[in-house]
Structures are given as C-alpha cells and as structure tokens.
There are 2 protein chains.
Amino acid sequence: MARQTQQRAAILKALVAADRPLSPGEILAHAQRLSPRLGIATVYRNVRRLVLDGELVEVQLPGAPPRYEVARKGHHHHFHCRICDRVFEVEGCPGPLTGLAPDGFFVEAHEIVLYGLCRECAA
Amino acid sequence: MARQTQQRAAILKALVAADRPLSPGEILAHAQRLSPRLGIATVYRNVRRLVLDGELVEVQLPGAPPRYEVARKGHHHHFHCRICDRVFEVEGCPGPLTGLAPDGFFVEAHEIVLYGLCRECAA
DNA sequence: TTGGATGCAAACGCTTTGCATAATT
DNA sequence: AATTATGCAAAGCGTTTGCATCCAA
C-alpha cells in the first residue's frame with residue numbers, strides 16, 4: 001500500500017465526496033478546502049500516482065479535459081449529458097466490435113460515448 | 001462559396017490526399033509540401049473557417065488533440081492506432097445503442113473509437 | 001487602392017519539471 | 001539521517017492573437 005500523505009489523502013477525500021469525475025482544477029479547488037496550502041503541481045503528481053496505483057481512473061471524453069474518478073471494477077461506457085454536462089456510467093456493451101475494423105487491423109479495445117439527455121434533463 | 005486562397009487550397013488538398021483525419025501539426029507538415037512558406041497559425045485559421053464552411057469536420061477522440069477530416073456523408077467511426085497514433089475511419093456501426101442507456105435517458109448520438117494496431121503496425 | 005490573408009513572434013492556458021525546503025520514516 | 005513529498009516558479013506544448021506585410025480583386 002502506498003504511503004498516505006496529507007495531500008494525497010485530501011485529494012482522494014475530495015474525489016470521494018464529489019462522487020463525480022473532477023478535472024485537476026476542480027480537484028485543487030475541492031481539496032484546498034481540506035488543505036489550503038495544496039498546490040496544483042501536487043495535484044497533478046498525486047493524481048498520476050493514484051491512477052498508477054489503481055485508486056483513480058482517468059475519464060477521457062472527446063473534446064473534454066481529462067477527469068478523474070475513484071476506481072471501480074468492470075468494463076463500462078459513459079453517457080455525456082449535453083445539458084448539464086455531467087457524465088454517467090452506463091452498463092452493458094455491444095461486444096468487442098472487432099468486426100468494424102478494416103482487414104489487417106487488430107482491435108485491442110474500444111470506447112463508446114453516448115450523448116443526449118440524462119434522466120433529470122429529459123424530464 | 002468562400003474565396004480560395006493558395007494556402008486554403010493547399011490545406012484542403014493535403015486532407016483529401018491523406019484520406020484520414022489529421023491534427024493541425026500533421027496538416028502543416030503535409031500542406032507544406034505543396035506550399036513551403038505555410039505557417040501553423042494559418043493552418044489553425046483556415047481549418048477553423050473550413051469547419052464553419054462545412055468543408056471539414058472536427059474529429060474529437062478521447063485524450064487526443066482534435067483532428068480534421070474532409071466532410072462526407074454518412075455515419076462512421078474511428079480507429080486509433082496506439083503505435084503510430086494515426087486515426088482511420090471505419091465503416092459500419094453496431095446500431096443506435098439506445099439500449100445501453102439507463103431508463104429515462106434519451107440517447108441522441110454516440111461515438112465509438114476502436115483502439116489497437118493499424119495494418120502497418122500490426123505487420 | 002483597399003480589405004482580407006499570411007508569417008512571425010508574443011501571449012495564453014494547461015501540464016510538467018527543476019530545485020530548494022519541508023515532511024515522513 | 002535518509003528518503004520522499006511539496007510549493008513555487010520556470011519551462012513545455014499546443015493553440016490563439018497582435019501586428020506589420022503581402023496578396024488579390
């Protein structure tokens with residue numbers, strides 16, 4: 001288990017409390033409430049290590065800056081609400097999609113992003 | 001129809017010849033073969049206008065800088081080679097994927113990105 | 001001749017890194 | 001005491017913008 005410094009703890013705590021993916025800037029703002037002297041470089045360094053440690057997962061969406069969320073298990077995809085800009089996990093998957101690639105291409109992974117209205121914004 | 005300057009023509013020609021989405025840097029490199037004095041600022045300015053004119057389409061992939069491709073008709077997706085970092089269009093689509101979203105969510109669109117090795121890098 | 005297009009360089013925003021200091025073991 | 005973490009500032013990197021110049025109608 002990696003050593004738990006004060007700043008690393010504040011960063012993790014902020015992400016757990018937010019319960020949604022946060023950008024580095026958002027992490028800084030949230031975690032500074034717990035640890036005011038925290039700097040942005042420390043956020044980047046700790047986030048990188050937390051991802052390597054498997055405690056955080058990087059959430060990359062097209063055209064959006066990377067966000068980070070507490071790691072969960074299982075293959076899943078994302079739904080991006082165009083109104084509230086929140087991102088939700090969606091379960092299920094249409095399959096490995098290897099058939100879509102041209103001949104000679106080797107598919108190792110895939111990413112699917114759904115766009116539309118989340119439950120609240122559709123109401 | 002928008003006026004066709006030499007640089008704008010070179011940029012479009014490079015994209016047509018490449019037949020795959022190119023990043024601004026790639027566009028610069030390709031188009032400079034046709035027009036050596038071309039600068040990166042001109043690439044950005046022309047690409048922005050070409051997108052507004054509907055001649056180019058911006059291709060946003062997770063965690064990657066935006067790329068641009070010649071506007072075509074028809075729904076398609078992309079393949080991102082993890083070795084050479086090039087992006088290719090792939091035809092076909094598993095469907096509207098509306099069934100993946102949770103109840104109450106309204107799916108308007110989707111994006112699929114395949115990752116792996118392109119034909120050359122797989123060889 | 002006049003307005004738009006271009007190249008260059010500086011500005012910008014986000015991320016990373018160098019380095020001296022502080023914290024942790 | 002030795003090692004690792006941190007803050008600050010500077011450096012990178014891709015993109016945008018200011019400005020003088022060039023080109024085209």
If you apply the rule salt bridge (Lys or Arg N to Asp or Glu O under 4.0 Å), what do you find for Arg72(A) with Asp19(A), and how did you get there?
CA-CA 12 Å; Arg72(A) 302 167 195 225; Asp19(A) 194 37; 3.7 Å; yes
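- Crowding of Glu120(B) atom CD: a count of heavy atoms from other residues, nucleotides or ligands under 6.0 Å not exceeding 12.
- The distance from atom CD of Glu26(B) to atom P of dG14(D) is 12 Å, rounded to the nearest whole Å.
- Within the nucleic acid shown, Gln6(A) has no heavy atom closer than 4.0 Å to any nucleic acid atom.
- Rounded to a whole Å, the CD atom of Gln4(A) is 14 Å from the C1' atom of dT4(D).
- Phosphate contact (OP1/OP2 of dT6(D), side-chain N/O of Arg49(A), threshold under 4.0 Å): present.
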Report, one pair per line, the protein and nucleotides 17-22 of chain C atoms (nitrogen or oxygen only) whose separation is under 3.5 Å.
from	atom 1	to	atom 2	distance (Å)
dG18(C)	O6	Arg45(A)	NH1	3.4

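- The aromatic rings of His77(A) and His110(A) sit tilted relative to each other, their planes meeting at an angle between 30° and 60°.
- Summarising the geometry, the separation between CZ on Arg37(B) and P on dT21(D) is reported as 14 Å, rounded to the nearest angstrom.
- Summarising the geometry, the separation between CG on Asp53(B) and C1' on dG4(C) is reported as 14 Å, rounded to the nearest angstrom.
- With Thr42(B) as the fixed residue, the side chain to side chain contact (heavy atoms under 4.5 Å, CB included) test singles out one of Arg37(B), Gln7(B), Arg8(B): Gln7(B).
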Would you please test Ile112(A) and Val90(A) for side chain to side chain contact (heavy atoms under 4.5 Å, CB included) and show each step?
CA-CA 10 Å; Ile112(A) 296 176; Val90(A) 305; over 6 Å; no
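- One interatomic measurement links the two molecules: CG of Leu34(A) to P of dT6(D), which rounds to 14 Å at whole-angstrom precision.
- The side chain of Ser23(B) contributes no N or O atom lying less than 4.0 Å from OP1 or OP2 of dG14(D).
- The separation between Leu52(A) atom CG and dA5(D) atom P is 13 Å, rounded to whole Å.
- Rounded to an integer number of Å, the gap from CZ of Arg8(A) to C1' of dT4(D) is 13 Å.
- Residue contacts shown for Ile40(B) are absent, as no nucleic acid heavy atom lies under 4.0 Å away.
- Between the CD1 atom of Ile11(B) and the P atom of dG7(C) there is a distance of 9 Å, given to the nearest Å.
- Within the structure, salt bridge (charged side-chain N to carboxylate O under 4.0 Å, His left out) pairs that include any residue of residues 90-117 of chain A comprise Glu108(A)-Arg82(B) (at least two apart or interchain).
- Between Thr42(A) and dA5(D), a side-chain N or O to OP1/OP2 separation shorter than 4.0 Å is absent.
- At least one side-chain heavy atom of Tyr68(A) sits less than 4.5 Å from a side-chain heavy atom of Pro24(A).
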